[in-house]
Amino acid sequence: VEGAFTPILSRAFQITLTARQTGPNGMVHAPGGPLQLPGGLQVRVPEYWLDKYEVTNKEFKAFVDGGGYEKRDYWKQPFVKEGKPISWEQAMAEFRDTTGRPGPSTWLLGNYPDGQAGFPVGGVSWYEAAAYAEFAGKNLPTAHHWRLAAGYTVYSEILGMSNFGGKGPAPVGSFQGIGPYGTYDMAGNVKE
């Protein structure tokens, strides 16, 4: 098991180990649990699996090359622009790279920049991320899943070991800001 913990004497930790190679490839197990929200509301998040690293340009390119922008089956969410519903065709016209091809807004000619296959994909909307997750057989985590996996008890340590150098994105896995369940870059690498 891989993870980072800050000892808190007043709190006991229960860790459930999963056998190596039994979970989804490239994902880590988060046990779920209670999460305190602002205003005193508490929610309970069931256990879940989360990608260990951010989605890379190369991984997202498989979605683009596999017809991800042409297959309605991947686009499950209703589209809304400026508070009004829009059609699938209208939405697809919005999701274009710098040359007008389907794909992330930061790409050129349907491809990511040279030498950046292992960098986290950027320039994608929430809708595109959700469609990619559908393509990959996954779901986007909710804010509650993210908060639990980020582990606020180790957040200051994660920030100090994350990409805040002002030099732009770095290849996935370059920084050692590891969350309590083995996720990396929970503080971000690409500016979303």
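The first residue of the sequence shown is numbered 1, and numbering continues consecutively from there. Keep in mind that what you see is a predicted model, and the values were worked out from it rather than measured.
- There is a path of hydrophobic side-chain contacts, each under 4.5 Å, that joins V80 to I86.
- Comment: K61 engages D65 in a salt bridge, judged by a side-chain N to carboxylate O separation of less than 4.0 angstrom.
- Between F79 and S87 the shortest heavy-atom distance is CD1-O, 4.2 Å.
- In this structure, S174 OG and F119 CZ are separated by 7.0 Å, a value rounded to the nearest 0.5 Å.
- Between Y48 and L148, some side-chain heavy-atom pair lies under the 4.5 Å cut-off.
- Interatomic distance, CD of Q42 versus CG of L35, reported as 8.0 Å (0.5 Å rounding).
- Within the 4.5 Å cutoff, the side chain of S105 has no heavy atoms near those of the R96 side chain.
- In this structure, W126 and L140 have side chains that are in contact, with non-hydrogen atoms separated by less than 4.5 Å.
- Contact between P38 and R147 at its shortest, heavy atoms only, is CD-NH1, 4.4 Å.
- You'll find the side chain of P120 stays beyond 4.5 Å of the side chain of D185, heavy atoms only.
- The two residues T142 and H145 make their nearest non-hydrogen contact at OG1-ND1, 2.6 Å.
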Let me see the working for Q90 and K81 under side chain to side chain contact (heavy atoms under 4.5 Å, CB included), right down to the final yes or no. CA-CA 10 Å; Q90 290 170 309; K81 183 178 181 183; over 6 Å; no

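- For the residue pair V124 and P104, the shortest heavy atom distance occurs at CG1-CG, 3.7 Å.
- Using a 4.5 Å cut-off on side-chain heavy atoms (C-beta onward), V121 and W107 make contact.
- Residues D51 and M27 meet the side-chain proximity criterion, which asks for heavy atoms closer than 4.5 Å.
- Checking each of F95, Y127, Y132 against W75 for a ring pair (Phe, Tyr, Trp, His ring centres under 6.0 Å) leaves exactly one that passes, namely F95.
- Looking at every heavy atom in both residues, D97 comes nearest to N111 through OD2-N, 4.4 Å.
- No side-chain heavy atom of H29 sits less than 4.5 Å from a side-chain heavy atom of Y181.
- The shortest non-hydrogen separation linking E128 to G123 is OE1-O, 4.2 Å.
- Residues R101 and L109 have side chains in contact (heavy-atom distance under 4.5 Å, counting atoms from C-beta outward).
- Partner of Y74 under the ring pair (Phe, Tyr, Trp, His ring centres under 6.0 Å) criterion, out of W88, F135, Y69: F135 alone.
- With hydrogens and angles ignored, the 3.5 Å screen pairs no side-chain donor or acceptor of E134 with any backbone N or O of K138.
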